[in-house]
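By convention in this document, chain letters (A, B, ...) are assigned in the order of the sequence lines, proteins followed by strands, and residues within each chain are numbered from 1.
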There are 2 protein chains.
Amino acid sequence: MDRELLLLGVLRQQGMHGYQVHEFIDRYLASCTDLKKPTAYFLLDKMAKAGWITAEQVQEGHRPPRRVFRLTAAGEAEYQRLLRENLSAYVPAYFTSNIGLAFLDEVPAAEALARLDERRRHLAAELAVAQAAPPHPGSLQWLVEHRVRHLQAELDWLDELLGRIRQRLAGA
Amino acid sequence: MDRELLLLGVLRQQGMHGYQVHEFIDRYLASCTDLKKPTAYFLLDKMAKAGWITAEQVQEGHRPPRRVFRLTAAGEAEYQRLLRENLSAYVPAYFTSNIGLAFLDEVPAAEALARLDERRRHLAAELAVAQAAPPHPGSLQWLVEHRVRHLQAELDWLDELLGRIRQRLAGA
DNA sequence: TATTGAATACTCAATATTGACTATTCAATA
DNA sequence: TATTGAATAGTCAATATTGAGTATTCAATA
């Protein structure tokens, strides 16, 4: 439902063919979503079938014809509906990559410290990239800003965790 | 990869049949994952085929035979490997439910405020539930504590966003 | 003791997602 | 002007996920 909103919101500003849509999202929202190319095409097909977007075939040279997608009136209505629904509802995100924390005590503290230290480096690098990103067009900035805040909170928490493990090691 | 780690980590402590595994995760880690029942069965089948766990058929009454899953030596090795990999790597989580922020400016500020206020209520309720949860066995607590921290950070950010929109409204 | 509703336990078809492709175009350079 | 490598554009089979079931057991109560 949310990816549909994203695609509708992007197409709404400008008709685009599939690769272009994916490119746009990958350029400006890489830190915020992981929408893969085949998923984008799948969703575009689905939305075309649902009548939310039209697909205008454009032939160029010998390549397979591109389809340029544009919102229909139904698509615009759906966009408005999805956007409001999305803003009103909070749907929790899940962090599969943190599952390991559930079994942290199974790893000797010294090794856990080293592993989490490596994790910290990855996280800090991610944050640096997000912060260094060029300014984003329109209100995309809100989403990216949220991302930065989240990464910062993650880093803070990881630092506290590392501190606690260090204390435990020192005490033992 | 991470759900496999979760299932291995749970089965490692005690052999269980499918429903039991799902129950356990749903009880103690509901705030942290959304592993659905059919997915759990799918992954258990896969891990059994891979030789990470054994499936002992147990017939009881007229119900379809339960399969009690237990780690094999290969499963234990895989668990150790996955756990270390998981702790070392940071894989970003994506927040599909925040996509709407990318199009926040398309909604009149007064309405956006009302919508985000409703979102805030949902989020605060979620946080209250997570904080009120009974203490978790073993190191599961780390994961749940992380969850609480994350929800708190989300709430802080949402409050800041609401403040900015209110200012904008007042200034206009 | 019959009936009902909840809890237990699992399955299946429909849907979504992904890794690993193919094929074309374009620009640089050998 | 061939050749090569990168960027563009899209597809497909394999895999994963889910909503909506089925079927059994159990406990309460009518």
Minimum heavy-atom separation for [X] to [Y], with atom names?
X	Y	result
B:Ala89	A:His122	CA-CD2, 3.8 Å
A:Leu161	A:Leu116	CD2-CD1, 4.0 Å
B:Phe69	B:Leu11	O-CD2, 3.6 Å

Non-neighbouring partners of [X] that pass salt bridge (charged side-chain N to carboxylate O under 4.0 Å, His left out), sequence neighbours left out:
X	answer
B:Arg166	B:Asp117
B:Glu23	none
B:Arg12	A:Glu106, B:Glu76
A:Asp156	none

Salt-bridge criterion met for A:Glu154 and B:Arg149 (N-O under 4.0 Å):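 Here A:Glu154 does not pair with B:Arg149 in a salt bridge, since their nearest N and O are not under 4.0 Å apart.
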Charged N-O contact under 4.0 Å between A:Glu145 and B:Arg164: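 Judged by the 4.0 Å cut-off on N to carboxylate O distance, A:Glu145 and B:Arg164 do form a salt bridge.
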Any pair counted as side chain to side chain donor-acceptor pair (under 3.5 Å), so long as it reaches residues 34-59 of chain B, sequence neighbours left out: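 Checked against side chain to side chain donor-acceptor pair (under 3.5 Å) - neighbours excluded - the pairs reaching residues 34-59 of chain B are B:Glu4-B:Lys46, B:Asp45-B:Arg67, B:Glu56-B:Arg70.
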Aromatic ring proximity B:Phe95/A:His150, centre distance under 6.0 Å: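 Close enough - the centres of the two rings lie under 6.0 Å apart.
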Pair assignment for DNA chain D - dot-bracket with | for other-strand partners, Watson-Crick or G-U under 3.5 Å: ||||||||||||||||||||||||||||||
Side chain to side chain contact (heavy atoms under 4.5 Å, CB included) partners for B:Val107, two or more places apart: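 Here the qualifying residues are A:Leu83, A:Arg84, A:Leu87, B:Glu111, B:Ala112.
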Qualifying salt bridge (Lys or Arg N to Asp or Glu O under 4.0 Å) pairs with a residue from residues 122-136 of chain B, counting only residues at least two apart or across chains: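 Qualifying pairs: none.
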Residue-level proximity of residues 15-45 of chain A to DNA chain D when a heavy atom falls under 4.0 Å: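 Close to the strand are A:His17, A:Gly18, A:Tyr19, A:Lys37, A:Pro38, A:Tyr41.
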Residues touching DNA chain D, which here means a heavy atom under 4.0 Å, drawn from residues 46-58 of chain B: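 Contacting residues: B:Lys46.
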Interface residues of residues 90-97 of chain A with DNA chain C (non-hydrogen, below 4.0 angstrom):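 Nothing qualifies; none.
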From CA spacing to verdict: salt bridge (charged side-chain N to carboxylate O under 4.0 Å, His left out), A:Arg115, B:Glu85: CA-CA 8 Å; A:Arg115 302 267 174 198; B:Glu85 182 184 286; over 6 Å; no
Reference residue B:Leu6; test side-chain contact (heavy atoms from CB on, under 4.5 Å); the match among B:Val21, B:Leu82, B:Ile25: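 Exactly one candidate clears the test, B:Ile25.
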First-last contacting nucleotides on DNA chain D - partner chain A, under 4.0 angstrom, heavy atom: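 Range of nucleotides touched by chain A: D:dT8 to D:dC12.
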